[in-house]
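Working notes, structure below.
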Amino acid sequence: MSPTPPFPHVSATPAPPSTLPTWSTPSDPPAPPLAAPAPTMAPPAARPAVPPPPPVGAEPEAPGFSEVDSDGFQRIPRFVRKLARSAPKLLVGEDRLKFYAEQIARLSVEQREELRGFVEQYVARMHPMGASDLDMGGPATMGRVWYRVDGDKTPRFELGVASNDEVDILILNLLSERQLDDLWEVQSADFSYQLDGDNGARKRFRCTTYYDNQNLGVCLRAINEEVRALDGLGFHPVIQKGVLFSNVRSGLALVTGVTGSGKSTTLDAIIDANNQDFDGHIVIIAKPLEYVHTPQRCIIRHREVGPDVPSFKVGVSQALRQDPDIIMIGEMRDPETIDAAIEAADTGHKVFSTLHTASAVESIDRIVAEYPPFEQERVRTRLADVLNCVVSQKLPPKIGGGRVLCKEVLWVTASVRAAIHNGNTNEIYQMMWEGGRQGMITLEQDLFRLARERKITPDIGLQYSNNKRRFQQLMQTA
C-alpha cells in the first residue's frame with residue numbers, strides 16, 4: 001500500500017491564480033424585444049467579476065473560528081472536519097488515532113492553538129457553574145460535553161455537529177509526545193492541564209484520556225484553587241496532632257475513598273498544615289500533579305510520574321536519597337509502590353498516600369491481598385509496625401445543595417496493631433466504634449452525626465453507610 005499523503009495545512013493564503021481552474025465567460029445576453037426602448041450610446045456598465053470556482057473536490061470556503069452558536073460557544077474550526085475525513089477507511093481503532101496524531105503534528109502552531117482554544121471554552125465554564133468534572137468524547141457522550149455538579153453528571157452543551165473522529169482530534173491535540181506514548185502503550189494517559197485566567201490566575205485540572213469503543217474519551221477534574229484548612233475538616237485533636245510531623249515523625253498514614261471522595265483535598269490540607277508547622281523538606285510524587293504548594297517553612301518538591309520520574313516506586317527510592325522528612329505518594333497502585341511506601345516509613349520517614357477503598361478495614365485487607373499468599377504474613381507484620389492512621393471518606397449530598405464530608409478514622413493503637421499482626425481485622429471495626437477518646441469514629445457514627453445536625457437526610461445516610469444495620473440502630477436510638 002502506498003503511503004498516505006500528509007494532510008495539507010489549512011492556510012488563509014489563496015492559491016496562485018495560475019493554479020486555479022478557469023471560469024468560462026458567459027455569452028452576451030440576447031437582444032432586447034422589439035417593444036423595448038432603443039439602447040443608448042453610453043458604454044455598458046462593467047460586468048461584475050465572477051469568482052473562480054473552488055478546486056475539484058474542495059469544500060466551499062466557510063466562516064472561521066469566530067462563528068458563535070446560540071449557546072454562546074465558538075464553533076469547531078472548519079479544518080477539523082476536513083482532517084477527520086482524510087483518514088483512509090481501512091484504518092480503524094488505534095491505527096486511525098495514530099494517523100490523526102501524525103497529521104496533528106504537521107499542523108501550524110496557530111491551528112493547534114485554535115483547537116486548544118475551542119476545548120478551553122468548555123473547560124472555562126467549570127468553575128463558574130461549580131462543576132467538579134468534565135467528560136467529552138466517545139460514542140457514549142453523544143457529541144455533548146457532560147459536567148458533574150453536586151455529584152450529578154449531566155449533559156449541558158453540545159459540540160455542534162462534531163463527529164467522534166473530530167472530537168478524537170481535539171483530544172489528541174491536548175497530549176504531548178510522552179503522553180501519546182502512554183496512550184499507545186496502555187490505552188490511557190494521565191496528564192495535568194492548566195487554564196490561564198483573565199486576571200493572571202491559573203486554574204489546574206487533573207485529566208485522563210482513554211479508549212472508548214475505538215475512539216477517545218477524556219475526563220478533566222478541577223483542582224481546588226485554595227487549600228482547605230486542616231482545622232476545617234472536623235478531625236479529632238488526636239488525629240490533627242498525629243498527622244503533623246512535629247508530633248509524629250515517622251509512619252504511614254492513608255487517606256482512602258472512592259473516586260471523587262475528596263482524598264486529594266484532605267491530603268493537600270495535611271501537607272499545607274505541615275508546611276506551616278515545621279522547618280523541613282516535603283517530597284510529593286504524583287501522577288499527575290494537582291495542587292502546587294508554595295514553600296513556606298518547608299522545601300516542597302513536586303515530582304510528576306512521567307516527566308520527572310519514571311514510576312512511583314522509583315520516585316520513592318530516589319526521595320530516600322534527597323533528605324526528606326515527609327514523602328507523599330499520590331497512590332499506592334501496585335505491590336512495588338506499597339513496598340516502597342512501607343520501606344520509607346520503616347526507615348524513619350513520615351509517609352502519606354491514598355487507596356481506592358471504602359473503609360479503614362478494607363484498606364488494610366486490600367494492601368495485604370495485593371501480595372501472593374506466601375508473602376502476606378510478612379506484609380501484615382510490616383504494615384502493623386508502620387501504619388499510624390487510616391482516614392476513609394465519602395461526600396454525600398447535602399440538604400440544600402452541595403456535598404459534605406463524612407469520614408471514618410482509624411488511629412492505630414496497640415490493640416489495633418495486634419489485630420493487624422494476627423490477621424484479626426474483623427475486630428477493628430468495634431475498636432473504632434468504641435475509640436472516640438483516641439480520635440476514632442466509624443463511617444456510620446459520622447453519618448449519624450450529619451443526619452442529627454440536619455446536614456444530610458436519613459435516607460442518604462443509609463445509602464452511604466458501609467454497615468447499614470449499625471446505622472439503622474443509631475437512628476432508632478435518636
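Computed from heavy atoms alone, side chains included, the values below leave out hydrogens, waters and symmetry copies. Being a predicted model, the structure only gives us computed values, none of them experimental.
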Side chains of Gln121 and Arg125, heavy atoms from C-beta outward: is any pair under 4.5 Å? no
With no hydrogens and no angle check, is any side-chain donor or acceptor of Asn247 less than 3.5 Å from a backbone partner on Val243? no
Would Ile326 and Phe278 count as a side chain to side chain contact (heavy atoms under 4.5 Å, CB included) here? Give the steps. CA-CA 11 Å; Ile326 294 176; Phe278 81 107; 3.9 Å; yes
For the atom pair CG (Leu405) and CZ (Arg228), what is the distance rounded to the nearest 0.5 Å? 6.5 Å
Side chains of Asn466 and Ser359, donor plus acceptor under 3.5 Å: no
Thinking salt bridges, do Asp190 and Arg333 make one under a 4.0 Å N-O criterion? yes
Counting only N and O atoms by type, is there a donor-acceptor contact under 3.5 Å from the side chain of Asn274 to the main-chain atoms of Phe245? yes
Are side-chain N/O atoms of Gln393 and Thr266 paired as donor and acceptor at under 3.5 Å? yes
Under 3.5 Å donor-acceptor, Lys263 side chain and Gly257 backbone: yes
If only atom types and distance count, is the side chain of Thr354 paired as donor or acceptor with the main-chain N or O of Gly330 below 3.5 Å? yes
Check Asp339 with Lys313, please: is the shortest side-chain N to carboxylate O separation under 4.0 Å? no
Check: Arg178 side chain, Gly306 main-chain N or O, donor-acceptor pair, under 3.5 Å: yes
Smallest heavy-atom separation, Ala344 atom then Ile327 atom, equals CB-CD1, 4.1 Å
State, with a plain yes or no, whether a side-chain heavy atom of Lys350 is found less than 4.5 Å away from one of Phe352. yes
Say you draw a straight line from NE2 of His356 to OG of Ser261; how long is it, rounded to the nearest 0.5 Å? 7.5 Å
Got Leu170 and Ile76 here, is their nearest side-chain heavy-atom distance under 4.5 Å? yes
Which heavy-atom pair separates Asn388 from Gly251 by the least distance, and what is that distance? ND2-CA, 3.3 Å
If we only count heavy atoms from C-beta on, is the Lys407 to Phe235 side-chain gap below 4.5 Å? yes
Is any side-chain heavy atom of Tyr210 closer than 4.5 Å to one of Leu216? no
Looking only at heavy atoms, which two atoms of Leu320 and Glu343 are closest? And how far apart? CD1-OE2, 4.5 Å
Begin with the C-alpha distance, continue with both residues' side-chain angles, and end with the deciding distance and a verdict on side chain to side chain contact (heavy atoms under 4.5 Å, CB included) for Asp325 and Ile282. CA-CA 6 Å; Asp325 299 295; Ile282 300 172; 6.0 Å; no
Using 0.5 Å steps for rounding, measure from the CG atom of Asp346 to the CG atom of Leu383. 11.0 Å
Distance check, rounded to the nearest 0.5 Å: Asp168 atom CG versus Ser163 atom OG? 8.0 Å
Treating Arg297 as the side-chain partner and Asp277 as the backbone partner, does any N or O pair qualify as donor plus acceptor under 3.5 Å? yes
Return the CG to CD1 distance between Leu254 and Ile367, rounded to the nearest 0.5 Å. 5.0 Å
Flag yes if more than 12 heavy atoms outside Lys241 fall under 6.0 Å of its NZ atom; otherwise flag no. no
After noting the C-alpha distance and the side-chain angles of Val351 and Val316, does the key distance pass the side chain to side chain contact (heavy atoms under 4.5 Å, CB included) rule? CA-CA 10 Å; Val351 180; Val316 176; over 6 Å; no
Salt bridge Glu166-Arg81, side-chain N to carboxylate O under 4.0 Å: yes
His127-Phe205 aromatic ring centre distance below 6.0 Å: yes
Please step through side chain to side chain contact (heavy atoms under 4.5 Å, CB included) for the pair Arg206 and Ser264, ending with a clear verdict. CA-CA 11 Å; Arg206 184 185 73 194; Ser264 298; 3.9 Å; yes
Identify the two heavy atoms, one from Tyr371 and one from Pro335, that lie closest to each other, and give their separation to 0.1 Å. OH-O, 3.1 Å
What one should report as the nearest heavy-atom pair of Met332 and Ile338 is CB-CG1, 3.9 Å
Hey, does the side chain of Tyr147 reach the backbone of Met126 with a donor-acceptor pair shorter than 3.5 angstrom? no
Donor-acceptor contact below 3.5 Å, side chain Gln179 vs main chain Ser176: yes
Quick one about Asp334 and Thr337 (side-chain donor to acceptor, distance below 3.5 Å, no hydrogens or angles considered), yes or no? yes
Do Arg303 side-chain atoms and Ile285 backbone N/O form a donor-acceptor pair below 3.5 Å? no
Is the backbone N or O of Tyr291 less than 3.5 Å from a side-chain atom of Arg204, with the two atoms forming a donor-acceptor pair by type? no
N-O pairing of Lys98 and Glu94 below 4.0 Å: yes
For the residue pair Val305 and Phe312, establish whether any side-chain heavy-atom pair is separated by less than 4.5 Å. yes
With the side chain counted from C-beta on, respond yes when Leu443 and Cys406 share a heavy-atom pair under 4.5 Å apart, and no when they do not. yes
How long is the straight-line distance from CG of Leu220 back to OH of Tyr193, given to the nearest 0.5 Å? 7.0 Å
For atom CZ of Arg403, is the number of surrounding heavy atoms from other residues, nucleotides or ligands below 6.0 Å larger than 12? yes
Atom CD of Gln194: over 12 foreign heavy atoms under 6.0 Å: yes
If you compare all heavy atoms of Leu395 against all heavy atoms of Gly262, which two are closest, and at what distance to 0.1 Å? CD1-N, 3.9 Å
Among side-chain atoms of His293 and Asp272, is any donor-acceptor pair under 3.5 angstrom? no
State, yes or no, whether a side-chain contact exists between Val167 and Asn215 at a heavy-atom distance under 4.5 Å. no
